[in-house]
*Asks:* 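Sending over a structure as structure tokens; questions will come in a sec.
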Amino acid sequence: MSELEEEYRLEYFEEEGFYRKQCPVTGVHFWTRDPDRETCGEPPADDYTFIDNPGFDEEYTLEEMREKFLSFFEEQGHERIDPYPVAANRWRDDVLLTQASIYDFQPLVTSGETPPPANPLTISQPCIRMQDIDNVGKTGRHTMAFEMMAHHAFNAREEVGDEYAYSGEVYWKDDTVRLCDEFFESLGADISEITYIEDPWVGGGNAGPAFEVLYRGAELATLVFMSMKQDPDGEYHLKDGNNYSPMDTYIVDTGYGLERWTWVSQGTPTVYEAVYPDMIDFLKENAGIEHSDEEEALIHRAAMLSGHLDIDEIDDLATARADVAGELDVDKDELTALLRPLEDIYAIADHCRTLAYMFGDGIVPSNVGTGYLARMVLRRTKRLVDNLGVDAPLDELVDMQAERLDYQNRDTIRDIVRSEERKYRKTLERGSRRVQQLADDYAERGDPIPVDELIELYDSHGIQPDMVQEIAEERGATVDIPDDFYSLVADRHEQVDAETVTAEQDDRLGDLPATDKLYYDDQERTEFEAVVLDVFEREEGYDVVLDQTMFYPEGGGQPADHGTLSTDDATVEVSDVQMEGDVVLHRTDDDPGKGEFVRGQLDVERRRRLMRHHTATHVIGHAIRTVLGDHIRQAGASKGVDRSRLDVSHYERITREEVKQIERVANEIVMRNIPVKQEWPDRNDAESKYGFDLYQGGIPPGEKIRLIHVGSDVQACGGTHVKRTGDIGAIKVLNTEPVQDGVERVVFAAGDAAIEATQRTEDALYEAGDVLDVNPEDVPETAERFFTEWKERGKTIDRLKTELAEVRAAAGADEIDIDGTPAVIQRLDGDADELRATANALVEEGKVAVLGSAAGGSAQFVVGVPDGVGINAGQVVGQLAQKVGGGGGGPADFAQGGGPNVDVLDDVLDEASDVLENVLNA
RNA sequence: GGGCCCAUAGCUCAGUGGUAGAGUGCCUCCUUUGCAAGGAGGAUGCCCAGGGUUCGAAUCCCUGUGGGUCCA
């Protein structure tokens, strides 16, 4: 079967007298100590046999089991490592959430680029797997949030020497399996019941042999031996259809599900009861759920069969549920009615833990990234809580988990939950009003609500189709939700991805040595000497490579330095500086000459401004955190000469009062004139000392990283900084704006730029004061008075126009007689309002009104006709307007129009009586 | 990061290029004093901002601002 078969023949199995067998139900190969065993141990081959029949000596709580595991592996020579955040994007930029313990060490450690924090090590890593969301609560074993207990060993082949950050073999397959057996034994398990299923592992471009470890029907561990990488010419063809070849590094990657182990030790019907006993009791009581002994027994029997349920593997939960009911000999509706509320309770408990992890780790709800995932989980949880009829506020439920997980920012977590709940409630209110109107509409016409409307409601307004159905039914409208609703939504989003820009790489660059970066040695220096190693001619200008440089290349949100390079004969301007690999390219307007000796001179003023802004960015980030809370993270930054901007994660708009507070805190740091220090510590040391908040501005590569200290604020940063905070001069927030949901942009200026910005604002105020002829401080009050007065005058003018119109109408202009109806044809150079008012006044008197105006540079007509007169005002206007080169129209009793030819207005009005005659009774 | 939707009276929203509306709330008066009472009258507005198209824009187009929502 598997080409990896040889990989599974371990000496350890040999020594221990294991048998290799093939399961008649699932077809997989597995190893067991039990000569009589036939099946592999995994559902559907075997049911859960640990329920009400715990598999270990004692029952363990989650905390006890975690400690048991970690201390066991500590005793076996592993170093215990603190868990990483669940927001994996805090140390790597290729994934959003931590889904396994190995994520902590990808990609830099697994590739051998940086050493692991310890080797071998053990850890219990909180993880979130969103893909399990539909299974949660229903299968009895799936949780979205879980802790993966693990031990890892990082090995490198002896023959590759010290090419990698670790070398030699710590241990490999035999010891890994032995450790697993011994851990089982330490808990008092019957190791003859354990089966090791051969299950090659593939993921993320790597692969290797692996065992699934089964005990009494439960998969308790996965032992992965990561040893291959994807390679088209590789000798191993694996289940994902790709070829793989061996790597120089090989890594023991184990995963022991803490929740599963706890569950098996307790033998409760579901994993949830073992993990969340308090919360489940609370929810049951709150929702008023009680079971008779008989019902309780049924729940336990159903639980043993629930290993067969997995939304991913069975298409239809209802059918699977019916099968279970059949086997238990009960009515399936009865069973569903009994289990459904429990499933909701389980899901709520799990989701609340997920939310506690997310918000505890500083994720802020948003329309993008991890924030969006958090929002989805929160809304789903809210719906479950409401459906179940639990009246406890969601922030309290999440807080129960946050407290258990020992998060320090519980107030912020509750704040975020409340704020997000408020937003969701508003969305629902808006949504249901919308649906009600729509439903009334379609109910009246007797049509069903079309699918298009459903998609629109969901996609643009966030209203779930089942909510539409619910409201529609109340209103007597019908809805048909297609089975493939969500794929219809997906179709709507389908589009071609933006083409990826392929960067051109100049081959000659690869041969050049890394440029020596002088800008870190002395950030105050602005002159240096260097040798021109090479010059590349570009479409516009030249790229000059030096052996060393003071010029800072664009990076980390800091723009490039400008300046000059001079030989004895000539000076070239440097207008841009970029980093290609390790080589710094200076974009110049002329060729300084390869091999020349040059003097570099920075544009000092520009560099100083950039340095002030860069240090100010750290200071203001710290100030924002101080004012708004620890959840504040940098979501992007850009430094400039005149202004800089810092994007931070935050769940509400920043108020004016908060901005002032931020300015005060930031400038206090400036005034305290704190020294700004840099250091280059080892990456692991830095991480363990300061945590992942170091990586506010992105994740740098390499074994050593550069840290910038500004007082208590520490960040990994490659930019140039002033020596002391006092050198910043001043920090002024210019503006805050939402850049996306959950991310606020703070625009600010530092040093002279801050002064200039303040002066600009003051100038605007002074000018406004000049215009209003008042002191600057009186501008707001005066502006308000003027605005109010202006509005009142508008109303007065309207009233006067109406009065004027009545007077004009009563003044009795020349009237003609059209078929017994008096008509007034008059030129009156007013605006459209005046013409309308006058026409209305004439119509009130029973007269036909034809008014023309040349005001505003164009000819305009208004025609009014009293009730019961056989003249179509629209036609009259149409004909008149045509004569002035325009058009017009309106209802039969009142129309307006016009055209550009003002010159002929009088002539056209002269012809108006003829037009009226023509149109009469037409 | 991308898509879509929205912005009109204090609030909720109608308004398909031709005189800015409804419900609710508000003010005044009347009738009643049984809980979201009834009747009459009145005031509501830079129709988000700026440009464009047009004789004419709340309405169509572009840009911006603010809000919402879905997806990766």
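Proteins come first, then strands; the chains are lettered A, B, ... in the order of their sequence lines, and each starts at number 1. FYI, side chains are in, hydrogens and waters are out, and symmetry mates aren't considered; it's all heavy atoms of this structure. Model, not experiment: these values are computed from the prediction.
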*Asks:* What nucleic acid atoms does A/Lys791 come within less than 4.0 Å of, heavy atoms only: base, sugar-phosphate, or nothing?
*Replies:* sugar-phosphate
*Asks:* Does a nitrogen or oxygen in the side chain of A/Ser460 sit under 4.0 Å from OP1 or OP2 of B/G68?
*Replies:* no
*Asks:* A/Tyr458 on top of B/C70's base, within under 5.5 Å and under 30°?
*Replies:* no
*Asks:* Would one find a side-chain N or O of A/Arg430 under 4.0 angstrom from OP1 or OP2 of B/G68?
*Replies:* no
*Asks:* Measure CG/A/Asp833 against P/B/C55 and give the value in whole Å, please.
*Replies:* 20 Å
*Asks:* First locate atom CG of A/Leu851, then atom CD of A/Gln860, and finally report the distance between them rounded to the nearest 0.5 Å.
*Replies:* 11.5 Å
*Asks:* Just checking A/Asn367: base, sugar-phosphate only, or nothing, at a heavy-atom cut-off of under 4.0 Å?
*Replies:* base
*Asks:* Any side-chain N or O of A/Arg434 under 4.0 Å from OP1/OP2 of B/C6?
*Replies:* no
*Asks:* Report yes if a side-chain nitrogen or oxygen of A/Lys795 is closer than 4.0 Å to either non-bridging phosphate oxygen (OP1 or OP2) of B/G45; otherwise report no.
*Replies:* yes
*Asks:* Decide if the gap between the ring center of A/Tyr84 and the ring center of A/Trp91 is smaller than 6.0 angstrom.
*Replies:* yes
*Asks:* State whether A/Tyr103 and A/Arg92 meet the cation-pi test: NZ (Lys) or CZ (Arg) under 6.0 Å from the six-membered ring centroid, and within 45° of the perpendicular axis.
*Replies:* yes
*Asks:* Less than 3.5 Å between a donor and an acceptor, one on the side chain of A/Asn840 and one on the base of B/U19, is that the case here?
*Replies:* yes
*Asks:* Is there a side-chain contact between A/Gln437 and the phosphate of B/C13, meaning an N or O under 4.0 Å from OP1 or OP2?
*Replies:* no
*Asks:* Tell me whether the OP1 or OP2 atom of B/U69 has a side-chain N or O from A/Arg379 closer than 4.0 Å.
*Replies:* yes
*Asks:* State, with a plain yes or no, whether a side-chain heavy atom of A/Met358 is found less than 4.5 Å away from one of A/Thr354.
*Replies:* yes
